[in-house]
Amino acid sequence: MAPMSRSVPVPAPPDEDARATGPVDGLRRALVLGTGVAALGLADAKHSAHAASGAGRGIDLSCRVSRARLDALVADAFPLFNAPVILPAFDAKANGARFDVDLHRLVTDVTVPETGERLKISGLLALPAGAKGPLPVVSWQHGTILSFDQVPSNLTRLADPTYRTSDAADSLETLFNVQRFAGQGYAVIAADYVGKGPFRGARGEAYAVKGASVRTCLQVLAAGKTALRSLGCSPGKLFLHGWSQGAINTQWLHQALREDGRPIAATAVASPFNDLNETWRFWTGDAMFPLPKGTTSYPPLPVWIALCMIIALGSYELQYNLPGLLKTAVRPEYQDLAQTYWTRYELDDAQMKRLPTGAELLVPGFFERFTADQNSAFLRHLAANRASYWKYDSPIRFHYGLADEAIHPAMVFRALSAGGRQAAGVPVAGGSHRGTFIAGLYGDAATLAGSDNILNWFNSLR
């Protein structure tokens with residue numbers, strides 16, 4: 001069955017900047033086969049009658065996914081994140097969903113603070129099937145996707161009972177959040193981000209750009225809460241969760257919400273990017289850190305680091321009006337490759353063979369001296385966007401892997417030491433970048449240095 005049209009008109013949320021103006025999975029993901037328990041389309045005649053009156057906002061696609069199908073999809077995807085193995089195989093008896101889940105694609109719009117553009121954006125609302133009344137809300141911020149399309153709202157493709165989620169086409173980390181939270185009685189709201197998803201057109205994204213990211217997350221959160229009310233539910237306590245790029249987006253979102261006086265029950269971030277200058281220096285080999293305690297080796301940087309750097313340069317060139325940044329920052333021999341990747345997110349075989357490391361990508365002296373006006377401005381913007389130094393007045397946990405190939409544990413300590421008594425670190429022994437994320441959702445005290453997993457922790461605060 002194809003996704004059903006279900007237009008639920010939702011008033012446009014206020015343009016919520018909350019003073020906001022002031023990466024990372026695999027190359028292209030490996031195939032994961034889902035199972036075929038039928039998804040149910042949710043369109044009905046009453047709502048379809050409003051199809052022309054939604055003004056492009058609200059819910060435009062919906063489907064229902066059974067808890068058995070959710071569990072089967074998670075079981076198939078689990079090994080891709082649990083590598084190297086630090087958790088037992090997924091066990092539906094222990095960690096299965098309690099409810100079938102309704103998935104809705106959200107449509108709203110946003111004004112990008114850095115450029116002033118008004119853009120149509122999308123996101124996902126997931127909630128227990130048939131829910132009414134108050135529901136706790138998880139705002140989920142996804143990690144870096146090296147494509148335009150692997151976004152949360154794409155899970156509405158599960159309206160087709162034959163559709164099989166894959167690591168190359170879907171946001172599997174969103175699937176885990178849907179199964180873990182919506183399948184246990186929460187509403188999950190997730191933004192696709194600017195420059196991603198079905199309404200991006202030919203526009204580039206806003207990778208690690210603070211204003212655009214925060215405003216987008218706020219707008220989708222507001223649209224999701226409005227849609228919840230239109231479906232007979234009401235938003236309860238708010239929880240935040242994010243991983244990798246989504247972890248810094250989550251910290252920015254948390255800070256913006258609290259600056260505006262809005263309550264947050266708890267926040268969890270995994271493999272967080274906190275200080276982007278420090279991250280770049282680590283990715284290029286310019287910053288080195290000692291081995292984490294209890295370890296004798298540390299994994300090398302992954303091959304996709306240079307691709308994330310290219311996306312960041314393209315995003316900052318676009319959002320902050322730094323024309324030519326990709327040329328001034330990237331060594332001449334890699335400029336064509338960088339421009340091609342930023343434009344298409346694809347490289348041919350010859351270009352892949354010439355893919356530079358993070359240390360090889362940038363022009364000599366990038367961190368040591370003046371190299372170009374655009375490069376200096378880029379570094380200033382990175383510094384202005386760091387999330388490290390914030391006093392948290394509601395609970396936040398930072399999950400960090402002791403074998404995370406992209407984020408060294410030492411890069412998390414600044415946020416922990418400055419965050420105050422409400423900030424806590426959760427080290428994950430043997431946790432890779434993906435393993436740290438999956439351990440936070442499905443691990444136990446033995447994996448999480450004595451802490452509960454995020455679901456149990458959130459449940460204790462509902």
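These numbers were taken from a predicted model, which means no experiment stands behind them. The figures here come from the full heavy-atom set of this structure, side chains too, leaving out hydrogens, waters and symmetry mates.
Side chains of Gln179 and Tyr442: a donor-acceptor N/O pair is present below 3.5 angstrom, by distance only. In summary, the side chains of Thr267 and His254 do present a donor paired with an acceptor at a separation below 3.5 Å, with no hydrogens or angles considered. A donor-acceptor contact closer than 3.5 angstrom links the side chains of His104 and Ser62. In this structure, a donor-acceptor pair under 3.5 Å is present between the side chains of Ser271 and Asp404. Tyr316 and Asn385 form a side-chain donor-acceptor contact under 3.5 Å, judged by distance and modelled atom types alone. A donor-acceptor contact closer than 3.5 angstrom links the side chains of Thr447 and Asp444. In summary, the side chains of Ser153 and Asp192 do present a donor paired with an acceptor at a separation below 3.5 Å, with no hydrogens or angles considered. A donor-acceptor pair shorter than 3.5 Å cannot be found between the side chains of Ser213 and Trp252. For Gln150 and Ser147, the side-chain atoms include at least one donor-acceptor pair closer than 3.5 Å.
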For residues 77-85, dump all side-chain donor-acceptor pairs below 3.5 Å to protein atoms at least two apart in sequence or in another chain.
{"residue": "Asn82", "atom": "OD1", "partner": "Ile86", "partner atom": "N", "Å": "3.0"}
{"residue": "Asn82", "atom": "OD1", "partner": "Leu87", "partner atom": "N", "Å": "3.1"}
{"residue": "Asn82", "atom": "ND2", "partner": "Leu87", "partner atom": "O", "Å": "2.8"}

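In this structure, the side chains of Tyr298 and Pro409 come closer than 4.5 Å at one or more pairs of heavy atoms. Side-chain contact between Leu125 and Leu228 is present, with at least one heavy-atom pair separated by less than 4.5 Å. Side-chain contact between Leu61 and Val107: absent, with no pair of heavy atoms (C-beta onward) separated by less than 4.5 Å. Residues Pro128 and Arg98 are not in side-chain contact: their nearest non-hydrogen atoms beyond the backbone lie 4.5 Å or more apart.
Proximity of a side-chain donor or acceptor of Arg397 to a complementary backbone N or O of Ser451 within less than 3.5 Å is not detected. The backbone N or O of Ala406 lies less than 3.5 Å from a partner atom in the side chain of Trp283, making a donor-acceptor pair. Of the possible polar contacts, one joining the Asp100 side chain to the Arg67 backbone as a donor-acceptor pair under 3.5 Å is found. Judged by distance alone, with hydrogens and angles left aside, the side-chain atoms of Glu278 form no donor-acceptor pair with the main-chain N or O of Asp275 at under 3.5 Å. In terms of modelled atom types and a separation under 3.5 Å, the side chain of Gln351 and the main chain of Thr340 share no donor-acceptor contact. Side chain of Thr343 to main chain of Gln339: a donor-acceptor pair is present (N/O by atom type, distance under 3.5 Å, no hydrogens or angles). Here the side chain of Glu405 pairs no donor or acceptor atom with the backbone of Ser432 at under 3.5 angstrom. No donor-acceptor distance shorter than 3.5 angstrom exists from the side chain of Lys225 to the backbone of Val220, with no hydrogens or angles considered. A distance-only check finds no donor-acceptor pair linking the side chain of Lys196 to the backbone of Ala191 [under 3.5 Å].
Atom CG of Leu124 is separated from atom CG of Asn154 by 9.5 Å, given to the nearest 0.5 angstrom. Here CG of Asn456 is found 9.0 Å from CD of Gln184. Values are rounded to the nearest 0.5 Å. A distance of 8.5 Å separates CG of Leu127 from CG of Leu103, quoted to the nearest 0.5 Å. Here the straight-line distance linking atom OG of Ser166 with atom CG of Asp76 works out to 11.5 Å at 0.5 Å rounding. Of the inter-residue distances, the one linking Leu455 atom CG with Asn177 atom CG reads 10.5 Å to the nearest 0.5 angstrom. Interatomic distance, Leu382 CG to Thr279 OG1, rounded to the nearest 0.5 Å: 9.0 Å.
In plain terms, the two heavy atoms of Asp60 and Arg105 that are nearest each other are OD2-NH2, 2.6 Å. Minimum heavy-atom separation, Pro152 to Ser171: N-CB, 4.0 Å. What you find for Gly430 and Leu402 is that their closest heavy atoms are N-CB, 4.3 Å. The heavy-atom pair separating Cys217 from Tyr193 by the smallest distance is SG-CE2, 4.2 Å. When every heavy atom of Gly224 is checked against every heavy atom of Leu106, the shortest pair comes out as CA-CD1, 3.7 Å.
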(message) Could you walk me through whether Tyr163 and Asp170 satisfy the side-chain hydrogen bond (donor to acceptor under 3.5 Å, both in side chains) test, starting with their C-alpha distance in whole Å, then the side-chain angles of each, then the deciding distance to 0.1 Å, before giving a yes or no?
(response) CA-CA 11 Å; Tyr163 185 77; Asp170 297 293; 2.9 Å; yes
(message) For a side chain to side chain contact (heavy atoms under 4.5 Å, CB included) check, start with the C-alpha distance between Asp452 and Asn459, then their side-chain angles and the critical distance, and finish with the verdict.
(response) CA-CA 10 Å; Asp452 280 338; Asn459 282 341; over 6 Å; no
(request) Please lay out, stage by stage, how Val137 and Phe239 fare under the test side chain to side chain contact (heavy atoms under 4.5 Å, CB included). (result) CA-CA 6 Å; Val137 174; Phe239 299 84; over 6 Å; no
(request) Could you check Tyr341 against Leu307 for side chain to side chain contact (heavy atoms under 4.5 Å, CB included), going step by step and ending with a plain yes or no? (result) CA-CA 8 Å; Tyr341 193 75; Leu307 300 180; 3.9 Å; yes
(request) Run the numbers on Thr284 and Asp286 for side-chain hydrogen bond (donor to acceptor under 3.5 Å, both in side chains), then give the verdict. (result) CA-CA 5 Å; Thr284 60; Asp286 196 66; 5.4 Å; no
(request) Determine, stepwise, if the pair Leu301 / Thr357 fulfils side chain to side chain contact (heavy atoms under 4.5 Å, CB included). (result) CA-CA 9 Å; Leu301 290 166; Thr357 65; over 6 Å; no
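Using a 30° and 60° split on the angle between ring planes, Trp140 and His241 fall in the tilted class, from 30° to 60°. Between Phe148 and Tyr345, the angle of the ring planes stays under 30°, which puts this pair in the parallel group of the 30/60° scheme. Between Phe289 and Phe282, the ring planes are tilted. Angles from 30° to 60° get that label. Below 30°, between 30° and 60°, or above 60°: for Phe458 and Tyr186 the angle between ring planes is between 30° and 60°, a tilted geometry. Using the six-membered ring where Trp is involved, Tyr392 and Phe398 have ring planes that are perpendicular, over 60° apart on the 30 and 60° scheme.
Tested against Val194, the residues Thr216, Leu318, Val209 include a single side-chain contact (heavy atoms from CB on, under 4.5 Å) partner, Thr216. Evaluated for a side-chain contact (heavy atoms from CB on, under 4.5 Å) with Val178, the options Val138, Val65, Leu73, Val101 yield exactly one hit, Val101. With respect to Trp243, the side-chain contact (heavy atoms from CB on, under 4.5 Å) criterion is satisfied by exactly one of Gln141, His399, Glu173: Glu173. Screening Met411, Arg386, Gln251, Arg414 for a side-chain contact (heavy atoms from CB on, under 4.5 Å) involving Asn274 leaves a single residue, Gln251.
Electrostatic pairing of Lys210 and Glu114 does not count as a salt bridge here, judged by no charged N lying under 4.0 Å from a carboxylate O. At a threshold of 4.0 Å, the pair Asp109-Lys120 does not count as salt-bridged, since none of the basic side-chain nitrogens sits closer than that to a carboxylate oxygen. Looking at Arg64 and Asp102, a side-chain N of the basic residue comes within less than 4.0 Å of a carboxylate O on the acidic one, giving a salt bridge.
In this structure, the salt bridge (Lys or Arg N to Asp or Glu O under 4.0 Å) partners of Arg258, at least two apart in sequence or on a different chain, are Asp393.
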